[in-house]
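For reference, the structure discussed in these notes is given below.
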Number of protein chains: 2
Amino acid sequence: MINRSSKNPLGVTLLIQMNPIPMATTDTYYFPIPVNVDEKMMQQHFLSDLSINSVLFSYHEERLHVLLLRLATSDHFMLPGGFVKKEEDLDDAAMRNLKEMAGLDQIYLEQFYVAGQTGRAYDPMARDALNKFGLKKIEKWLSDRKISICYYALVNSPELQLKVNEAIISEARWVPVEELPPLLFDHKMIIDKAIGRLQLDMDRKVISTYLLNETFTMPELQKLYEAVYQQKLTRSNFQRRMLNLNILDRLGKRNDGGSHRAPYLYRFKPSKIEMNLN
Amino acid sequence: MINRSSKNPLGVTLLIQMNPIPMATTDTYYFPIPVNVDEKMMQQHFLSDLSINSVLFSYHEERLHVLLLRLATSDHFMLPGGFVKKEEDLDDAAMRNLKEMAGLDQIYLEQFYVAGQTGRAYDPMARDALNKFGLKKIEKWLSDRKISICYYALVNSPELQLKVNEAIISEARWVPVEELPPLLFDHKMIIDKAIGRLQLDMDRKVISTYLLNETFTMPELQKLYEAVYQQKLTRSNFQRRMLNLNILDRLGKRNDGGSHRAPYLYRFKPSKIEMNLN
DNA sequence: CCAAAAGTGTTCAACCTACACCCATGC
DNA sequence: GCATGGGTGTAGGTTGAACACTTTTGG
């Protein structure tokens with residue numbers, strides 16, 4: 001288990017271990033930009049007007065992070081995403097995309113927005129960067145693409161193994177939400193909306209569990225809330241509020257740590273996960 | 001102004017005055033089922049994987065109503081909707097659709113859901129009804145159609161003039177949400193989600209004004225809330241809550257009515273409309 | 001003057017906030 | 001013991017539910 005002590009965090013590598021895998025025949029369409037892709041097959045099997053973008057949230061080092069990909073030809077970042085097969089449920093497509101790209105499975109996934117502005121694909125910054133790949137079909141793709149269904153996902157471990165085409169994506173990293181780098185397209189706006197929705201959902205549903213280890217201390221839970229809402233909370237009141245919700249099991253065990261009273265370990269009551277509050 | 005007295009409602013006709021207009025060249029694509037439509041033109045100008053469905057809400061006779069259309073070949077109803085032009089923002093498409101169909105303009109419109117299940121077009125009931133039109137292209141349309149972006153709209157007057165193809169839509173009516181008839185496709189589920197979202201939004205934003213006349217009495221406002229939330233509220237507490245929000249102007253004027261104390265008239269403060277609460 | 005409907009006040013409980021205090025632990 | 005950090009208690013304010021009371025109006 002990762003030691004989350006504030007004084008001496010274990011130092012999870014921000015830079016994700018990338019494990020590039022050569023682009024294969026069918027399973028390559030999960031990447032948001034269809035480079036080196038059989039266009040015919042694309043048209044035949046995928047919905048052409050739609051794409052999916054996913055905002056992956058992870059919580060570590062006491063901060064809320066978002067997974068971002070950097071285009072090899074740019075210093076700008078973008079969100080991961082993919083396409084929807086013709087005979088595939090939207091939610092399934094989003095899930096498949098995350099599984100193919102990052103091996104993620106059974107994570108919390110929520111659709112929160114549809115980006116439908118016509119102008120959204122026409123970011124000149126993105127155009128320039130993509131044109132550097134020298135591929136004609138990207139030009140076409142940019143002018144064709146229209147609607148993006150946006151999901152956010154909760155990931156409880158920052159240690160991912162990404163499968164991306166290294167020629168296109170040169171870097172993938174968890175970035176703290178307070179320190180977002182320049183982003184392509186309308187992805188900044190999408191992330192902002194995702195954070196807003198995450199804040200709403202944290203208030204209404206028992207979803208913190210998807211961002212934490214199975215057991216955690218009360219201060220750890222509080223720091224998660226502070227990271228998501230970007231504000232300090234009063235310790236004693238936070239504790240009472242959480243306990244009064246009656247969604248936590250206190251485990252007799254205690255952490256062993258520094259020179260101070262040992263905190264209790266808590267766990268979300270299994271029956272209460274997926275429950276709505278209020 | 002419509003007399004909303006509970007004892008003797010004026011009796012707005014539930015059945016909408018339909019004013020059928022012959023299908024013209026371009027402006028006919030607003031109807032959710034492309035019958036008698038130039039398929040080539042459709043493919044050329046519209047996004048093929050998407051449709052829009054709109055849940056129109058109206059409040060009258062102390063009840064929340066939804067606008068439903070009945071297929072001529074069925075006793076089932078469906079939601080109005082339309083398609084998205086290739087170079088058109090999603091929100092604009094939804095607005096254009098309502099303007100073309102019902103002459104509505106500058107109304108409150110909110111996107112709330114995306115219906116993305118593959119099975120959603122395969123309602124056998126709908127298939128049967130549509131096949132009765134004897135048109136081959138409907139079969140194709142049913143197997144092609146995939147994703148529906150769902151909007152809800154707030155309409156403050158039930159008196160609409162609909163433009164629909166009478167050969168296909170034989171009836172259009174405002175139906176109280178507690179008395180929904182059998183619906184085609186997944187439209188029942190979509191309406192339920194729309195109501196849930198409307199309830200959330202009524203709590204968070206100043207949108208009641210889009211369902212009422214410009215001026216109204218406190219009991220009228222309360223009845224709107226009771227219709228939306230499907231539950232009785234305590235009169236005195238409702239009044240205090242609304243006044244404490246500080247979003248209402250009390251107009252000195254009073255209603256003239258029955259043998260009882262005359263209520264004040266209120267109006268939403270213009271500056272507070274579109275404001276978020278909480 | 002009475003019934004009916006609208007507006008106002010009062011009480012009580014629940015909850016939130018701030019802050020003080022107590023407990024456990026390693027040095 | 002004492003600094004540090006986790007856990008609990010308490011006083012004051014706010015909010016909302018329930019319900020009683022007052023005001024206005026037509027008959």
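Quick note on labels: first sequence line is chain A, next is B, and so on, each numbered from 1. Please read these numbers as outputs of a predicted model, since none were measured by experiment.
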**Message:** Under 3.5 Å, is there a donor on one side chain and an acceptor on the other for A/Asp201 and A/Tyr152?
**Reply:** yes
**Message:** If you take the centroid of each ring, where Trp contributes its six-membered ring, are A/Phe268 and A/Phe216 closer together than 6.0 Å?
**Reply:** yes
**Message:** Below 4.0 angstrom, which residues in residues 226-238 of chain B have at least one non-hydrogen atom near DNA chain D?
**Reply:** B/Thr234, B/Ser236, B/Asn237
**Whole angstrom value for the distance that separates C1' of C/dC23 from NE2 of A/His260** = 13 Å
**Request:** Give the intermediate values and the outcome of side chain to side chain donor-acceptor pair (under 3.5 Å) for residues A/Asn244 and A/Arg241.
**Result:** CA-CA 5 Å; A/Asn244 284 346; A/Arg241 180 153 59 94; over 6 Å; no
**Whole angstrom value for the distance that separates C1' of D/dT23 from CE of B/Met218** = 16 Å
**Request:** Measure from CZ on B/Arg250 to P on C/dA6 and round the result to the nearest Å.
**Result:** 13 Å
**Item:** Candidates C/dG7, C/dT8, D/dG6 - which lies nearest the side chain of B/Leu243
**Value:** C/dT8
**Message:** Quick check for you: among C/dA24, C/dT8, D/dT8, whose closest atom lies nearest to any side-chain atom of B/Gln239?
**Reply:** C/dT8
**Item:** Protein-nucleotide distance (B/Tyr225, atom OH; D/dG16, atom P), rounded to Å
**Value:** 13 Å
**Prompt:** So, does B/Lys205 use its side chain to make a donor-acceptor pair with the main chain of B/Glu274 at under 3.5 Å?
**Reply:** no
**Prompt:** Within the side chain of A/His65, is there an N or O that forms a donor-acceptor pair under 3.5 Å with the backbone of A/Val175?
**Reply:** no
**Request:** In whole angstrom, give the distance that lies between atom NZ of B/Lys223 and atom P of C/dA5.
**Result:** 8 Å
**Message:** Would you say that A/Leu98 contacts A/Ser54 through its side chain, given a criterion of any heavy-atom pair below 4.5 Å between the two side chains?
**Reply:** yes
**Message:** In whole Å, I'd like the distance from the CG atom of A/Leu245 to the C1' atom of C/dC16.
**Reply:** 13 Å
**Prompt:** Just how far, in rounded Å, is P of C/dC15 from CG of A/Asn244?
**Reply:** 7 Å
**Request:** Could you check A/Arg261 against A/Arg240 and say which one's nearest nucleotide on DNA chain D is further toward the 5' end?
**Result:** A/Arg261
**Fill in**
Rounded to whole Å, the CZ-P distance (B/Arg241 to C/dG9) equals 19 Å
**Request:** Tell me whether the centres of the aromatic rings in B/Tyr151 and B/Phe112 are closer together than 6.0 Å.
**Result:** no
